[in-house]
Amino acid sequence: MLPDWFFLPSRFASLFRRACRPVPPCAQRLSLGVSLLAVAGSLTAMPVAAHAADTQAAGGQVAAPQASAMPAQPSASQQRQAARLSTSVVFRPSRTDMALIEDLEHRTFLWFWEAGDAKTGLVPDRYPSDQTQASVASIGFGLTAYGIGVERGYITRQQAIGRTLNTLRYLSSLPQNDSMEKSSGYHGFFYHFLNKDTGLRFNKDIELSSIDTALLMQGILFAESYYTQNTAQEAEIRTLANTLYQNVDWVWMRRPDLRLSMGWSPERQFLPNYWEGYSEGMMAYILALGSQKHPLDSASWQVWLTTNDRRWGEYYGQTLLNFAPMFGHQYTHSWIDFRGIQDDWNREKGIDYFENSRRATYAQRTYAMTNPGKWQDYGKDVWGLTASDGPGELTQTVGGTPRHFMSYSARGTGRDYTQDDGTIAPTAAGGSVAFAPEIAIPALREMKHRYGSHIYSRYGFVDAFNPSFHNADKSFWSDTAYLGIDQGPILLMIENWRSGLVWNTMKRNPAIRQGLLKAGFRGGWLGEGADNVSAPSPATHASAAPSDQPESGGQHAHARTPARSGAQQAG
(Lines give C-alpha, C1' and ligand atoms only; values in the text may rest on other atoms or scores of the structure.)
Protein backbone atom coordinates (compact mmCIF):
# COMPACT_ATOMS: atom_id res chain seq x y z
CA MET A 1 0.00 0.00 0.00
CA LEU A 2 1.35 3.41 -0.85
CA PRO A 3 2.03 5.91 1.94
CA ASP A 4 -0.32 8.77 2.76
CA TRP A 5 2.04 11.41 1.38
CA PHE A 6 1.67 9.79 -2.02
CA PHE A 7 -1.67 11.54 -2.33
CA LEU A 8 -0.54 14.99 -1.18
CA PRO A 9 -0.52 17.85 -3.66
CA SER A 10 2.40 17.59 -6.01
CA ARG A 11 4.39 20.46 -4.50
CA PHE A 12 4.81 18.34 -1.34
CA ALA A 13 5.14 14.99 -3.07
CA SER A 14 8.52 15.96 -4.44
CA LEU A 15 9.98 16.15 -0.98
CA PHE A 16 9.91 12.37 -1.04
CA ARG A 17 11.08 11.73 -4.59
CA ARG A 18 13.92 9.52 -3.35
CA ALA A 19 12.39 8.66 -0.01
CA CYS A 20 13.39 5.02 0.10
CA ARG A 21 17.04 5.98 0.28
CA PRO A 22 18.74 5.61 3.63
CA VAL A 23 19.55 8.96 5.15
CA PRO A 24 22.73 9.83 7.05
CA PRO A 25 23.25 8.22 10.47
CA CYS A 26 21.93 11.20 12.41
CA ALA A 27 18.79 11.40 10.30
CA GLN A 28 15.51 9.59 10.55
CA ARG A 29 14.82 7.08 7.82
CA LEU A 30 12.12 7.76 5.32
CA SER A 31 10.36 4.54 4.63
CA LEU A 32 8.91 4.28 1.18
CA GLY A 33 9.89 5.51 -2.21
CA VAL A 34 7.61 6.66 -4.95
CA SER A 35 9.55 9.16 -7.06
CA LEU A 36 6.88 11.81 -7.32
CA LEU A 37 9.21 14.51 -8.25
CA ALA A 38 6.97 17.47 -8.15
CA VAL A 39 7.83 20.69 -6.50
CA ALA A 40 5.05 22.79 -7.94
CA GLY A 41 6.69 25.85 -6.47
CA SER A 42 7.86 28.17 -9.11
CA LEU A 43 11.12 29.93 -9.57
CA THR A 44 10.00 33.11 -11.04
CA ALA A 45 11.92 36.01 -11.60
CA MET A 46 14.30 39.93 -15.00
CA PRO A 47 16.13 39.57 -18.11
CA VAL A 48 19.75 40.01 -17.36
CA ALA A 49 22.44 40.56 -19.92
CA ALA A 50 23.07 37.97 -22.57
CA HIS A 51 25.02 34.81 -21.86
CA ALA A 52 28.64 35.33 -20.96
CA ALA A 53 30.33 35.45 -24.31
CA ASP A 54 33.44 33.42 -24.86
CA THR A 55 33.75 32.15 -21.32
CA GLN A 56 37.14 30.58 -21.66
CA ALA A 57 38.32 27.38 -20.12
CA ALA A 58 41.90 26.45 -20.68
CA GLY A 59 40.28 24.74 -22.31
CA GLY A 60 14.41 30.38 2.97
CA GLN A 61 14.43 31.90 4.28
CA VAL A 62 12.89 30.02 7.24
CA ALA A 63 14.24 28.58 10.44
CA ALA A 64 11.51 25.95 10.30
CA PRO A 65 11.08 25.48 6.54
CA GLN A 66 7.62 25.66 5.06
CA ALA A 67 6.94 24.28 1.62
CA SER A 68 5.19 27.45 0.59
CA ALA A 69 7.18 30.01 2.55
CA MET A 70 7.73 33.41 0.98
CA PRO A 71 11.32 34.60 1.49
CA ALA A 72 11.98 38.26 2.03
CA GLN A 73 12.66 40.01 -1.23
CA PRO A 74 16.01 41.81 -1.60
CA SER A 75 16.19 45.55 -1.27
CA ALA A 76 16.41 47.78 -4.33
CA SER A 77 20.15 48.20 -3.78
CA GLN A 78 20.62 44.44 -3.50
CA GLN A 79 18.72 43.91 -6.73
CA ARG A 80 20.87 46.50 -8.51
CA GLN A 81 23.97 44.75 -7.18
CA ALA A 82 22.67 41.42 -8.46
CA ALA A 83 21.99 42.93 -11.88
CA ARG A 84 25.56 44.25 -12.03
CA LEU A 85 26.96 40.90 -10.98
CA SER A 86 25.02 39.04 -13.65
CA THR A 87 25.97 41.19 -16.60
CA SER A 88 27.78 39.56 -19.47
CA VAL A 89 31.39 38.81 -18.58
CA VAL A 90 34.35 37.10 -20.04
CA PHE A 91 35.44 34.48 -17.55
CA ARG A 92 39.02 33.33 -17.73
CA PRO A 93 39.66 30.61 -15.19
CA SER A 94 43.02 30.54 -13.53
CA ARG A 95 45.33 27.54 -13.57
CA THR A 96 44.14 26.82 -10.06
CA ASP A 97 40.54 26.86 -11.27
CA MET A 98 41.30 24.45 -14.08
CA ALA A 99 43.25 22.14 -11.79
CA LEU A 100 40.18 21.97 -9.54
CA ILE A 101 37.81 21.40 -12.45
CA GLU A 102 39.98 18.68 -13.97
CA ASP A 103 40.35 16.93 -10.63
CA LEU A 104 36.64 17.20 -9.82
CA GLU A 105 35.61 15.89 -13.24
CA HIS A 106 37.93 12.89 -12.96
CA ARG A 107 36.84 12.03 -9.42
CA THR A 108 33.16 12.34 -10.32
CA PHE A 109 33.68 10.09 -13.33
CA LEU A 110 35.30 7.50 -11.07
CA TRP A 111 32.11 7.34 -9.03
CA PHE A 112 30.17 6.01 -12.02
CA TRP A 113 32.97 3.72 -13.15
CA GLU A 114 33.64 2.16 -9.74
CA ALA A 115 30.11 2.18 -8.33
CA GLY A 116 28.61 0.59 -11.45
CA ASP A 117 28.45 -3.17 -11.93
CA ALA A 118 30.83 -4.09 -14.74
CA LYS A 119 28.79 -7.17 -15.75
CA THR A 120 25.27 -5.76 -15.74
CA GLY A 121 25.89 -2.03 -16.03
CA LEU A 122 23.52 -1.33 -13.14
CA VAL A 123 24.52 1.82 -11.24
CA PRO A 124 23.46 2.38 -7.64
CA ASP A 125 21.24 5.19 -6.49
CA ARG A 126 23.83 6.10 -3.86
CA TYR A 127 27.31 4.88 -3.02
CA PRO A 128 28.93 4.05 -0.69
CA SER A 129 25.81 3.01 1.14
CA ASP A 130 24.22 0.09 2.92
CA GLN A 131 21.25 0.38 0.57
CA THR A 132 21.23 -1.87 -2.45
CA GLN A 133 18.92 -0.48 -5.12
CA ALA A 134 20.13 0.40 -8.58
CA SER A 135 18.74 3.58 -10.12
CA VAL A 136 17.79 3.71 -13.79
CA ALA A 137 18.44 7.47 -13.72
CA SER A 138 21.98 6.80 -12.48
CA ILE A 139 22.43 4.36 -15.37
CA GLY A 140 21.52 7.13 -17.82
CA PHE A 141 24.15 9.43 -16.37
CA GLY A 142 26.60 6.53 -16.30
CA LEU A 143 26.18 5.67 -19.98
CA THR A 144 27.05 9.29 -20.73
CA ALA A 145 29.95 9.30 -18.28
CA TYR A 146 31.72 6.49 -20.16
CA GLY A 147 31.98 8.57 -23.32
CA ILE A 148 33.35 11.47 -21.30
CA GLY A 149 35.87 9.07 -19.79
CA VAL A 150 37.08 8.13 -23.26
CA GLU A 151 37.51 11.73 -24.38
CA ARG A 152 39.35 12.67 -21.19
CA GLY A 153 41.60 9.61 -21.27
CA TYR A 154 40.27 8.13 -18.03
CA ILE A 155 39.44 4.86 -19.79
CA THR A 156 39.97 3.45 -23.26
CA ARG A 157 37.28 3.45 -25.91
CA GLN A 158 37.22 -0.34 -25.75
CA GLN A 159 36.58 -0.25 -22.01
CA ALA A 160 33.68 2.12 -22.56
CA ILE A 161 32.31 -0.05 -25.35
CA GLY A 162 32.46 -3.11 -23.12
CA ARG A 163 30.65 -1.46 -20.21
CA THR A 164 28.06 0.15 -22.51
CA LEU A 165 27.35 -3.10 -24.35
CA ASN A 166 26.96 -5.01 -21.09
CA THR A 167 24.52 -2.36 -19.86
CA LEU A 168 22.37 -2.28 -22.99
CA ARG A 169 22.34 -6.07 -23.37
CA TYR A 170 21.30 -6.47 -19.74
CA LEU A 171 18.54 -3.87 -19.94
CA SER A 172 17.28 -5.45 -23.15
CA SER A 173 17.08 -8.86 -21.45
CA LEU A 174 15.03 -7.72 -18.46
CA PRO A 175 11.35 -8.76 -18.32
CA GLN A 176 8.68 -6.20 -19.19
CA ASN A 177 5.20 -7.07 -17.94
CA ASP A 178 2.49 -5.99 -15.51
CA SER A 179 3.35 -8.38 -12.67
CA MET A 180 4.10 -7.00 -9.24
CA GLU A 181 7.38 -8.83 -8.61
CA LYS A 182 8.65 -10.48 -11.78
CA SER A 183 9.22 -7.42 -13.91
CA SER A 184 11.75 -4.65 -14.46
CA GLY A 185 9.35 -2.46 -16.40
CA TYR A 186 6.29 -2.30 -18.59
CA HIS A 187 5.52 -0.74 -21.97
CA GLY A 188 9.21 0.10 -22.37
CA PHE A 189 9.34 2.14 -19.15
CA PHE A 190 11.52 0.98 -16.27
CA TYR A 191 10.92 0.96 -12.57
CA HIS A 192 12.59 3.79 -10.72
CA PHE A 193 14.71 1.41 -8.62
CA LEU A 194 15.86 -2.09 -9.55
CA ASN A 195 17.27 -4.88 -7.42
CA LYS A 196 21.03 -4.81 -7.98
CA ASP A 197 21.25 -8.62 -8.08
CA THR A 198 18.21 -9.51 -10.19
CA GLY A 199 17.43 -6.35 -12.13
CA LEU A 200 13.78 -6.68 -11.08
CA ARG A 201 11.56 -4.08 -9.39
CA PHE A 202 13.19 -3.21 -6.08
CA ASN A 203 10.00 -3.60 -4.02
CA LYS A 204 6.26 -3.03 -4.24
CA ASP A 205 6.54 0.61 -3.25
CA ILE A 206 8.55 1.48 -6.36
CA GLU A 207 6.71 2.98 -9.32
CA LEU A 208 7.24 2.72 -13.04
CA SER A 209 8.72 6.18 -13.53
CA SER A 210 8.33 8.33 -16.62
CA ILE A 211 11.06 10.80 -15.60
CA ASP A 212 13.60 8.24 -14.43
CA THR A 213 13.03 6.33 -17.64
CA ALA A 214 13.62 9.60 -19.52
CA LEU A 215 16.92 10.12 -17.71
CA LEU A 216 17.88 6.57 -18.66
CA MET A 217 16.90 7.16 -22.28
CA GLN A 218 18.99 10.32 -22.49
CA GLY A 219 22.03 8.22 -21.67
CA ILE A 220 20.94 5.53 -24.10
CA LEU A 221 20.57 8.05 -26.94
CA PHE A 222 23.97 9.51 -26.08
CA ALA A 223 25.44 6.02 -26.54
CA GLU A 224 23.63 5.65 -29.85
CA SER A 225 25.13 8.86 -31.21
CA TYR A 226 28.58 8.59 -29.60
CA TYR A 227 29.54 5.10 -30.78
CA THR A 228 29.38 5.65 -34.54
CA GLN A 229 32.39 3.73 -35.76
CA ASN A 230 31.90 1.00 -38.34
CA THR A 231 32.54 -1.97 -36.06
CA ALA A 232 30.30 -4.86 -35.02
CA GLN A 233 30.32 -3.82 -31.37
CA GLU A 234 29.45 -0.18 -31.99
CA ALA A 235 26.78 -1.19 -34.49
CA GLU A 236 25.26 -3.42 -31.80
CA ILE A 237 25.28 -0.51 -29.35
CA ARG A 238 23.36 1.62 -31.85
CA THR A 239 20.84 -1.13 -32.54
CA LEU A 240 20.22 -1.94 -28.87
CA ALA A 241 19.98 1.73 -27.95
CA ASN A 242 17.50 2.52 -30.68
CA THR A 243 15.34 -0.47 -29.81
CA LEU A 244 15.22 0.38 -26.09
CA TYR A 245 14.26 3.96 -26.85
CA GLN A 246 11.66 3.14 -29.49
CA ASN A 247 10.02 0.60 -27.17
CA VAL A 248 9.05 3.28 -24.66
CA ASP A 249 5.30 3.68 -25.13
CA TRP A 250 4.80 7.35 -24.44
CA VAL A 251 1.24 7.23 -25.76
CA TRP A 252 0.35 4.67 -23.07
CA MET A 253 1.73 7.03 -20.39
CA ARG A 254 -0.21 9.98 -21.84
CA ARG A 255 -3.32 11.06 -20.00
CA PRO A 256 -6.56 12.04 -21.81
CA ASP A 257 -5.64 15.71 -21.26
CA LEU A 258 -2.43 15.09 -23.30
CA ARG A 259 -0.09 15.44 -20.31
CA LEU A 260 2.35 12.70 -19.33
CA SER A 261 1.62 10.84 -16.13
CA MET A 262 4.46 10.68 -13.64
CA GLY A 263 4.24 6.92 -13.44
CA TRP A 264 2.33 3.71 -12.94
CA SER A 265 2.25 0.74 -10.61
CA PRO A 266 0.48 -2.63 -10.85
CA GLU A 267 -1.19 -1.95 -7.53
CA ARG A 268 -2.66 1.49 -8.26
CA GLN A 269 -2.29 1.91 -12.01
CA PHE A 270 -1.42 5.46 -13.17
CA LEU A 271 -0.22 7.87 -10.53
CA PRO A 272 -2.41 10.89 -9.78
CA ASN A 273 0.43 13.31 -10.57
CA TYR A 274 1.43 14.47 -14.02
CA TRP A 275 4.04 16.63 -15.75
CA GLU A 276 3.05 20.22 -16.38
CA GLY A 277 5.13 23.37 -16.27
CA TYR A 278 8.82 24.10 -16.46
CA SER A 279 10.81 21.34 -14.81
CA GLU A 280 13.02 18.40 -15.65
CA GLY A 281 9.85 16.92 -17.13
CA MET A 282 10.64 18.77 -20.37
CA MET A 283 13.07 16.00 -21.31
CA ALA A 284 10.28 13.42 -21.21
CA TYR A 285 8.17 15.47 -23.62
CA ILE A 286 11.06 16.05 -26.02
CA LEU A 287 11.91 12.34 -26.04
CA ALA A 288 8.25 11.44 -26.51
CA LEU A 289 7.80 13.89 -29.39
CA GLY A 290 10.90 12.48 -31.09
CA SER A 291 9.83 8.85 -30.94
CA GLN A 292 9.04 7.00 -34.14
CA LYS A 293 7.14 4.10 -32.66
CA HIS A 294 5.04 5.76 -29.94
CA PRO A 295 5.20 9.54 -30.49
CA LEU A 296 3.24 12.23 -28.76
CA ASP A 297 1.69 15.00 -30.82
CA SER A 298 2.95 18.57 -30.65
CA ALA A 299 -0.18 19.48 -28.69
CA SER A 300 1.30 17.80 -25.62
CA TRP A 301 4.15 20.32 -25.56
CA GLN A 302 1.70 23.20 -25.81
CA VAL A 303 -0.29 21.80 -22.90
CA TRP A 304 2.92 21.43 -20.90
CA LEU A 305 3.63 25.15 -21.44
CA THR A 306 0.30 26.39 -20.10
CA THR A 307 1.56 27.27 -16.61
CA ASN A 308 4.65 29.19 -17.75
CA ASP A 309 3.13 32.66 -17.68
CA ARG A 310 1.98 32.15 -14.09
CA ARG A 311 5.50 31.21 -13.07
CA TRP A 312 7.34 34.01 -14.84
CA GLY A 313 8.39 37.00 -12.76
CA GLU A 314 11.04 38.76 -10.69
CA TYR A 315 13.01 37.07 -7.96
CA TYR A 316 16.22 38.25 -6.32
CA GLY A 317 17.19 40.59 -9.11
CA GLN A 318 16.28 38.25 -11.97
CA THR A 319 13.23 37.76 -14.15
CA LEU A 320 12.85 34.12 -15.01
CA LEU A 321 10.63 31.10 -15.38
CA ASN A 322 10.44 29.85 -11.85
CA PHE A 323 11.65 26.54 -10.43
CA ALA A 324 13.08 26.48 -6.92
CA PRO A 325 15.59 23.57 -6.76
CA MET A 326 18.50 23.74 -9.19
CA PHE A 327 18.10 20.18 -10.47
CA GLY A 328 15.08 21.28 -12.53
CA HIS A 329 17.37 23.69 -14.38
CA GLN A 330 20.11 21.12 -14.87
CA TYR A 331 18.77 17.69 -15.81
CA THR A 332 17.45 18.30 -19.32
CA HIS A 333 20.23 20.80 -20.03
CA SER A 334 22.85 18.19 -19.18
CA TRP A 335 22.12 16.55 -22.55
CA ILE A 336 20.38 19.18 -24.67
CA ASP A 337 21.95 22.50 -25.68
CA PHE A 338 19.21 25.15 -25.48
CA ARG A 339 21.48 28.07 -26.32
CA GLY A 340 19.93 30.07 -29.12
CA ILE A 341 16.95 27.78 -29.78
CA GLN A 342 13.48 28.95 -28.84
CA ASP A 343 9.96 27.59 -28.72
CA ASP A 344 6.93 29.83 -29.06
CA TRP A 345 6.96 30.80 -25.40
CA ASN A 346 10.69 31.65 -25.45
CA ARG A 347 10.30 33.86 -28.48
CA GLU A 348 7.59 35.87 -26.78
CA LYS A 349 9.85 36.48 -23.76
CA GLY A 350 12.97 37.13 -25.80
CA ILE A 351 15.17 34.55 -24.08
CA ASP A 352 15.97 30.85 -24.31
CA TYR A 353 15.85 28.17 -21.62
CA PHE A 354 19.63 28.26 -21.18
CA GLU A 355 19.47 31.96 -20.29
CA ASN A 356 16.62 31.16 -17.94
CA SER A 357 18.81 28.67 -16.08
CA ARG A 358 21.64 31.17 -15.98
CA ARG A 359 19.31 33.63 -14.27
CA ALA A 360 18.20 30.96 -11.81
CA THR A 361 21.84 30.37 -10.90
CA TYR A 362 22.33 34.06 -10.17
CA ALA A 363 19.09 34.25 -8.19
CA GLN A 364 20.25 31.39 -5.95
CA ARG A 365 23.56 33.09 -5.34
CA THR A 366 21.92 36.43 -4.51
CA TYR A 367 19.54 34.65 -2.13
CA ALA A 368 22.56 33.20 -0.31
CA MET A 369 24.26 36.61 -0.21
CA THR A 370 21.11 38.16 1.27
CA ASN A 371 20.68 35.14 3.58
CA PRO A 372 17.22 35.95 4.96
CA GLY A 373 17.27 32.80 7.09
CA LYS A 374 20.59 33.75 8.75
CA TRP A 375 22.16 30.39 7.99
CA GLN A 376 25.80 29.97 8.83
CA ASP A 377 28.41 30.65 6.11
CA TYR A 378 25.98 31.56 3.33
CA GLY A 379 27.53 34.08 0.94
CA LYS A 380 28.63 34.87 -2.58
CA ASP A 381 30.81 31.74 -2.79
CA VAL A 382 28.89 29.39 -0.48
CA TRP A 383 25.49 28.65 -1.95
CA GLY A 384 23.42 25.95 -3.58
CA LEU A 385 19.94 24.59 -2.90
CA THR A 386 18.60 21.53 -4.68
CA ALA A 387 17.24 18.08 -3.82
CA SER A 388 19.84 16.49 -1.57
CA ASP A 389 20.57 14.67 1.65
CA GLY A 390 20.40 16.57 4.93
CA PRO A 391 21.22 16.18 8.63
CA GLY A 392 17.90 14.59 9.53
CA GLU A 393 14.34 15.32 10.53
CA LEU A 394 14.91 17.05 13.85
CA THR A 395 14.96 20.37 15.64
CA GLN A 396 18.13 21.80 17.17
CA THR A 397 18.68 25.04 19.04
CA VAL A 398 21.32 27.12 17.28
CA GLY A 399 22.36 30.45 18.78
CA GLY A 400 19.33 30.38 21.04
CA THR A 401 16.93 29.86 18.12
CA PRO A 402 15.11 26.57 17.38
CA ARG A 403 16.05 25.36 13.88
CA HIS A 404 14.28 22.59 12.04
CA PHE A 405 16.49 20.41 9.85
CA MET A 406 15.51 17.91 7.18
CA SER A 407 16.81 14.66 5.76
CA TYR A 408 16.49 14.09 1.99
CA SER A 409 14.42 17.01 0.70
CA ALA A 410 13.83 19.08 -2.41
CA ARG A 411 15.52 22.24 -1.14
CA GLY A 412 15.25 25.34 -3.26
CA THR A 413 14.36 28.99 -3.35
CA GLY A 414 11.88 30.68 -5.62
CA ARG A 415 9.18 33.29 -5.87
CA ASP A 416 6.55 31.18 -4.15
CA TYR A 417 8.46 28.18 -2.88
CA THR A 418 11.38 28.14 -0.45
CA GLN A 419 12.73 25.09 1.32
CA ASP A 420 15.95 25.83 3.19
CA ASP A 421 17.51 24.43 6.34
CA GLY A 422 21.08 25.62 5.80
CA THR A 423 22.08 22.54 3.79
CA ILE A 424 24.35 23.20 0.81
CA ALA A 425 24.54 20.73 -2.07
CA PRO A 426 27.69 21.18 -4.22
CA THR A 427 25.84 19.80 -7.24
CA ALA A 428 23.80 23.02 -7.31
CA ALA A 429 26.95 24.94 -8.25
CA GLY A 430 28.74 22.06 -10.00
CA GLY A 431 25.81 21.33 -12.27
CA SER A 432 25.60 25.04 -13.12
CA VAL A 433 29.17 25.46 -14.35
CA ALA A 434 27.99 25.59 -17.96
CA PHE A 435 25.37 28.23 -17.12
CA ALA A 436 27.49 30.66 -15.12
CA PRO A 437 31.10 29.53 -14.68
CA GLU A 438 32.10 32.93 -13.36
CA ILE A 439 30.13 32.31 -10.16
CA ALA A 440 29.87 28.50 -10.07
CA ILE A 441 33.60 27.78 -10.23
CA PRO A 442 34.52 30.26 -7.46
CA ALA A 443 31.83 28.62 -5.32
CA LEU A 444 33.30 25.16 -5.89
CA ARG A 445 36.77 26.51 -5.19
CA GLU A 446 35.74 28.22 -1.96
CA MET A 447 33.74 25.24 -0.66
CA LYS A 448 36.65 22.89 -1.27
CA HIS A 449 39.10 25.34 0.30
CA ARG A 450 36.97 25.98 3.36
CA TYR A 451 35.56 22.51 4.07
CA GLY A 452 37.58 20.19 1.84
CA SER A 453 38.75 17.76 4.52
CA HIS A 454 35.10 17.02 5.33
CA ILE A 455 33.36 17.25 1.97
CA TYR A 456 35.88 16.41 -0.78
CA SER A 457 37.18 12.89 -1.19
CA ARG A 458 37.76 10.09 -3.67
CA TYR A 459 34.63 10.84 -5.71
CA GLY A 460 34.72 14.62 -5.44
CA PHE A 461 32.19 16.51 -3.36
CA VAL A 462 29.93 14.52 -1.04
CA ASP A 463 26.25 15.03 -1.65
CA ALA A 464 25.67 17.80 0.89
CA PHE A 465 26.86 19.54 4.04
CA ASN A 466 25.37 21.90 6.61
CA PRO A 467 27.56 24.38 8.52
CA SER A 468 24.57 25.39 10.69
CA PHE A 469 24.04 21.89 12.07
CA HIS A 470 26.42 21.00 14.88
CA ASN A 471 27.04 17.48 16.09
CA ALA A 472 28.10 16.56 19.62
CA ASP A 473 31.70 17.41 18.78
CA LYS A 474 30.57 20.85 17.55
CA SER A 475 31.68 20.19 13.96
CA PHE A 476 29.23 20.83 11.15
CA TRP A 477 27.31 18.04 9.43
CA SER A 478 28.58 16.57 6.17
CA ASP A 479 27.30 13.63 4.19
CA THR A 480 29.19 10.38 3.66
CA ALA A 481 27.39 9.33 0.47
CA TYR A 482 27.32 10.35 -3.18
CA LEU A 483 24.10 10.21 -5.23
CA GLY A 484 24.11 9.32 -8.91
CA ILE A 485 21.53 11.95 -9.86
CA ASP A 486 23.63 14.65 -8.17
CA GLN A 487 27.00 13.40 -9.43
CA GLY A 488 25.66 13.28 -12.98
CA PRO A 489 24.99 17.00 -13.53
CA ILE A 490 28.42 17.89 -12.12
CA LEU A 491 30.19 15.62 -14.59
CA LEU A 492 28.10 16.35 -17.67
CA MET A 493 27.87 20.09 -17.24
CA ILE A 494 31.57 20.49 -16.53
CA GLU A 495 32.31 18.63 -19.74
CA ASN A 496 29.76 20.67 -21.66
CA TRP A 497 31.48 23.84 -20.46
CA ARG A 498 34.92 22.51 -21.32
CA SER A 499 34.24 20.98 -24.72
CA GLY A 500 30.52 20.78 -25.51
CA LEU A 501 30.93 16.99 -25.86
CA VAL A 502 27.56 15.85 -24.55
CA TRP A 503 25.59 18.65 -26.19
CA ASN A 504 27.30 18.16 -29.55
CA THR A 505 26.82 14.40 -29.45
CA MET A 506 23.11 14.79 -28.74
CA LYS A 507 22.72 17.34 -31.52
CA ARG A 508 23.51 14.52 -33.93
CA ASN A 509 20.71 12.34 -32.60
CA PRO A 510 17.66 12.46 -34.88
CA ALA A 511 15.23 11.77 -32.04
CA ILE A 512 16.40 14.83 -30.12
CA ARG A 513 16.21 17.02 -33.19
CA GLN A 514 12.80 15.63 -34.09
CA GLY A 515 11.46 16.20 -30.58
CA LEU A 516 12.67 19.78 -30.46
CA LEU A 517 11.27 20.62 -33.89
CA LYS A 518 7.87 19.13 -33.04
CA ALA A 519 7.89 21.20 -29.84
CA GLY A 520 8.32 24.30 -32.00
CA PHE A 521 11.98 25.05 -31.33
CA ARG A 522 13.78 26.98 -34.06
CA GLY A 523 16.96 28.95 -34.54
CA GLY A 524 20.51 28.35 -33.38
CA TRP A 525 21.90 24.95 -34.22
CA LEU A 526 18.43 23.73 -35.25
CA GLY A 527 18.04 26.30 -38.02
CA GLU A 528 14.88 28.18 -38.89
CA GLY A 529 13.14 25.65 -41.10
CA ALA A 530 10.87 22.80 -40.15
CA ASP A 531 10.55 21.39 -43.65
CA ASN A 532 10.89 17.86 -42.45
CA VAL A 533 9.80 17.06 -38.96
CA SER A 534 8.93 13.48 -39.77
CA ALA A 535 11.08 10.92 -38.02
CA PRO A 536 14.04 9.43 -39.88
CA SER A 537 14.14 5.79 -40.74
CA PRO A 538 15.43 3.39 -38.09
CA ALA A 539 18.55 2.77 -40.15
CA THR A 540 19.31 6.47 -40.27
CA HIS A 541 18.56 6.84 -36.59
CA ALA A 542 20.94 4.07 -35.68
CA SER A 543 23.97 5.46 -37.46
CA ALA A 544 23.59 9.21 -37.28
CA ALA A 545 26.48 11.56 -37.97
CA PRO A 546 30.22 11.14 -38.08
CA SER A 547 32.21 10.92 -34.88
CA ASP A 548 35.54 12.27 -36.09
CA GLN A 549 34.64 15.95 -36.48
CA PRO A 550 34.10 17.62 -33.09
CA GLU A 551 31.96 20.71 -32.94
CA SER A 552 32.85 23.89 -31.15
CA GLY A 553 33.30 23.68 -27.41
CA GLY A 554 30.57 24.45 -24.92
CA GLN A 555 32.36 27.49 -23.53
CA HIS A 556 32.14 29.56 -26.71
CA ALA A 557 29.56 31.52 -28.68
CA HIS A 558 26.65 31.63 -26.31
CA ALA A 559 23.33 32.66 -27.73
CA ARG A 560 21.17 35.42 -26.31
CA THR A 561 18.79 35.35 -24.63
CA PRO A 562 15.42 26.47 -16.80
CA ALA A 563 13.08 18.08 -12.81
CA ARG A 564 10.86 18.05 -10.53
CA SER A 565 8.15 20.47 -10.33
CA GLY A 566 5.77 21.08 -12.95
CA ALA A 567 3.87 18.06 -11.99
CA GLN A 568 0.29 18.49 -10.98
CA GLN A 569 -2.12 16.24 -9.21
CA ALA A 570 -5.12 14.88 -10.97
CA GLY A 571 -8.64 15.24 -9.74
Side-chain angles (χ1 to χ4, degrees), residues 39 41-53 55 60-61 69-89 91 277-279 307-330 332-333 338-339 342 345-346 348-373 378-386 411-420 428-429 431-440 442-443 493 558-562 565-566:
V39 183
S42 39
L43 274 180
T44 32
M46 100 174 206
V48 299
H51 305 311
T55 51
Q61 176 207 359
M70 276 290 287
Q73 287 290 318
S75 66
S77 62
Q78 289 169 329
Q79 293 196 32
R80 286 193 295 271
Q81 179 189 26
R84 288 195 299 271
L85 288 170
S86 60
T87 54
S88 180
V89 298
F91 176 62
Y278 185 76
S279 64
T307 65
N308 280 11
D309 284 343
R310 298 199 301 271
R311 299 170 60 197
W312 169 264
E314 293 188 9
Y315 189 72
Y316 277 92
Q318 306 295 318
T319 298
L320 58 94
L321 182 55
N322 197 61
F323 188 94
M326 281 307 299
F327 70 80
H329 296 275
Q330 296 170 346
T332 304
H333 292 255
F338 287 96
R339 295 174 302 172
Q342 297 175 311
W345 189 87
N346 284 149
E348 179 183 335
K349 300 300 182 184
I351 66 166
D352 56 39
Y353 289 115
F354 182 95
E355 170 62 20
N356 198 78
S357 292
R358 176 176 167 77
R359 297 177 188 188
T361 306
Y362 268 95
Q364 274 235 1
R365 185 206 194 203
T366 305
Y367 168 85
M369 292 167 64
T370 306
N371 194 13
Y378 274 28
K380 72 181 183 67
D381 293 328
V382 179
W383 53 269
L385 301 178
T386 191
R411 295 167 178 83
T413 180
R415 187 180 173 90
D416 62 356
Y417 168 77
T418 290
Q419 183 92 302
D420 185 9
S432 298
V433 164
F435 298 140
E438 68 279 5
I439 63 172
M493 291 299 261
H558 292 283
R560 311 266 191 305
T561 17
S565 77

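What you see below is based on every heavy atom in this structure, not just the backbone, and it leaves out hydrogens, waters and symmetry mates.
The nearest pair of heavy atoms linking Ala434 to Phe354 is O-CZ, 3.1 Å. Taking all atoms of both residues into account, the shortest heavy-atom contact from Pro442 to Pro437 is CD-O, 3.4 Å. Nearest heavy atoms, Gly384 versus Ala428: CA-CB, 3.4 Å. The shortest heavy-atom contact between Gly379 and Met369 is C-CG, 3.9 Å. For Ala368 against Trp383, the heavy-atom pair with the smallest separation is CB-CB, 3.4 Å. Between Asp352 and Glu355, the closest heavy-atom pair is OD1-N, 2.7 Å.
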Assess whether side-chain contact (heavy atoms from CB on, under 4.5 Å) is satisfied between Thr361 and Gln330, documenting all intermediate values.
CA-CA 10 Å; Thr361 306; Gln330 296 170 346; over 6 Å; no
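Within the 4.5 Å cutoff, side-chain heavy atoms of Gln364 are placed close to those of Leu385. Looking at heavy atoms from C-beta onward, Arg415 lies out of side-chain contact with Trp312 at the 4.5 angstrom threshold. Side-chain contact check for Leu321 versus Trp345: some heavy-atom pair is nearer than 4.5 Å. Contact of the Ser432 side chain with the Met493 side chain is not registered, since no non-hydrogen atoms from C-beta on lie closer than 4.5 Å. Contact of the Asp420 side chain with the Arg411 side chain is not registered, since no non-hydrogen atoms from C-beta on lie closer than 4.5 Å.
Rounding to the nearest 0.5 Å places CG of Asp381 at 6.0 Å from CZ of Arg365. Taking CZ of Arg310 as the reference point, atom CG of Asn308 lies at 9.5 Å (rounded to 0.5 Å). To the nearest 0.5 Å, atoms CD (Gln419) and OG1 (Thr413) are separated by 11.0 Å.
Looking only at distances, a side-chain donor or acceptor of Arg358 sits under 3.5 Å from a matching main-chain atom of Phe435.
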